[in-house]
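Note that these values count all heavy atoms, side chains included, but never hydrogens, waters or copies made by symmetry.
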Amino acid sequence: MPRISPLAAADAQGQAATLFDGIRKKVGKVPNLYATMGHAPTTLAGLLGLKQALGGGSISMKDQERIALLAGEVNGCHYCVDAHTVIGKMNGLTVDQTLEARQAKASDDANAQAILTLAAAVLEKQGHITDDQFAAAKDAGLSEATILEVVGQVVLNIFTNYVNHVIDTESDFPAAPKLG
């Protein structure tokens with residue numbers, strides 16, 4: 001049972017109602033994470049603003065979803081793993097690719113592998129990556145802009161992972177397949 005119940009759309013007022021309308025138009029529903037964050041509309045607006053800003057960067061939607069899956073797995077966020085398995089498939093990832101991403105693997109794409117390797121290091125080291133890890137990202141072809149965007153994507157996903165942990169969000173997505 002969640003520690004904070006989702007805000008019903010009918011009860012949303014002001015900024016929360018406006019945000020819910022925008023979410024509903026974009027994804028067809030207001031997922032439980034967003035509905036619960038509606039109790040703090042400024043926090044929800046901050047999350048959505050960061051998501052929108054980072055979505056306009058150089059990292060493809062597939063790779064954004066790979067990072068989200070990896071972060072969810074590393075941080076033990078079942079809600080995010082469930083959600084991003086669905087969203088990842090909507091953005092062209094196969095089931096096998098979603099499972100690989102959760103293990104920091106992208107066997108089909110060297111650039112995606114470089115992004116996941118860096119994201120895994122950022123997650124593992126809480127941002128304190130080594131000079132060798134930074135150099136490996138550059139040597140793999142990641143630009144300075146992409147390196148910074150990877151950090152942004154990791155932080156975005158830590159934000160949602162931690163919110164889900166604190167509020168114990170009930171998943172409203174199909175359960176993701178278990179890792180082998």
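- One N or O on the side chain of Asn157 and one on the backbone of Gln153 form a donor-acceptor pair closer than 3.5 Å.
- Gln126 is linked by a side chain to side chain donor-acceptor pair (under 3.5 Å) to nothing, counting only residues two or more places apart in sequence or in another chain.
- Cluster membership check: Met37 shares its hydrophobic cluster with Leu156, using side-chain heavy-atom separations under 4.5 Å among Ile, Leu, Val, Met, Phe, Trp and Tyr.
- The closest side-chain heavy-atom distance from Leu19 to Tyr34 is not below 4.5 Å.
- Of all non-hydrogen atoms in Leu7 and Ala16, the two that sit nearest each other are CD2-CB, 4.2 Å.
- When every heavy atom of Gln15 is checked against every heavy atom of Ala45, the shortest pair comes out as NE2-CB, 3.4 Å.
- Applying the side chain to side chain donor-acceptor pair (under 3.5 Å) test to Gln13 and every residue at least two apart in sequence or in another chain returns nothing.
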Atom pairs and distances, donor-acceptor, side-chain atoms in residues 67-90, under 3.5 Å, two or more places apart:
unit_1, atom_1, unit_2, atom_2, d
Glu73, OE1, Arg102, NE, 2.7
Glu73, OE1, Arg102, NH2, 3.0
Asn75, ND2, Ala71, O, 3.3
Asn75, ND2, Asn161, OD1, 2.8
Tyr79, OH, Asn32, N, 3.4
Tyr79, OH, Leu33, N, 3.2
Tyr79, OH, Asp172, OD1, 2.8
Asp82, OD1, Ala176, N, 2.9
Asp82, OD2, Ser171, OG, 3.0
His84, ND1, Glu65, OE1, 2.5
Thr85, OG1, Val81, O, 2.7

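- Note that CD of Gln97 and NZ of Lys105 are 14.0 Å apart. Values are rounded to the nearest 0.5 Å.
- Judged as a side chain to side chain donor-acceptor pair (under 3.5 Å), and not counting sequence neighbours, Thr42 has no contacts.
- Heavy-atom minimum distance, Ala35 versus Val30: N-CG1, 3.7 Å.
- By the side chain to side chain contact (heavy atoms under 4.5 Å, CB included) test, Ala106 pairs with Arg66, Asp108, Ala112, Gln113, Leu116, sequence neighbours left out.
- Note on Val163 and Leu50: same hydrophobic cluster, where clusters join Ile, Leu, Val, Met, Phe, Trp and Tyr whose side-chain heavy atoms are under 4.5 Å apart, directly or indirectly.
- Figure legend: cation-pi geometry between Lys29 and Phe173, with NZ or CZ positioned under 6.0 Å from the six-membered ring centre and within 45° of its axis.
- Chaining together hydrophobic side chains whose heavy atoms lie under 4.5 Å apart leaves Met1 on its own.
- Leu179 CG to Glu100 CD: the interatomic distance, rounded to the nearest 0.5 Å, is 11.0 Å.
- In this structure Asp168 satisfies the salt bridge (charged side-chain N to carboxylate O under 4.0 Å, His left out) test with no other residue, sequence neighbours excluded.
- Using modelled atom types, no side-chain atom of Arg3 and backbone atom of Thr169 make a donor-acceptor pair closer than 3.5 Å.
- Two residues are said to be in side-chain contact when any heavy atoms from C-beta on lie closer than 4.5 Å; Ile23 and Pro31 meet this criterion.
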Open item on the list: Determine whether Phe159 and Thr43 satisfy the following criterion, side chain to side chain contact (heavy atoms under 4.5 Å, CB included), listing intermediate values before the conclusion.
Closed with: CA-CA 10 Å; Phe159 184 5; Thr43 304; 3.8 Å; yes
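- For residues 136-165, every residue pair satisfying the salt bridge (charged side-chain N to carboxylate O under 4.0 Å, His left out) rule, not counting sequence neighbours, is listed here: Lys138-Glu144.
- Here Asp11 pairs with nothing under the salt bridge (charged side-chain N to carboxylate O under 4.0 Å, His left out) rule; sequence neighbours left out.
- Contacts of Glu124 classified as side chain to side chain contact (heavy atoms under 4.5 Å, CB included), with partners at least two apart in sequence or in another chain: none.
- With sequence neighbours excluded, no residue satisfies side chain to side chain donor-acceptor pair (under 3.5 Å) with Thr160.
- A ring-ring contact (aromatic ring centres under 6.0 Å, His included) check over residues 130-153, counting only residues at least two apart or in different chains, returns nothing.
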TODO: For the pair Val155 and Val122, evaluate side chain to side chain contact (heavy atoms under 4.5 Å, CB included) and give the outcome as yes or no after the intermediate values.
DONE: CA-CA 9 Å; Val155 169; Val122 171; over 6 Å; no
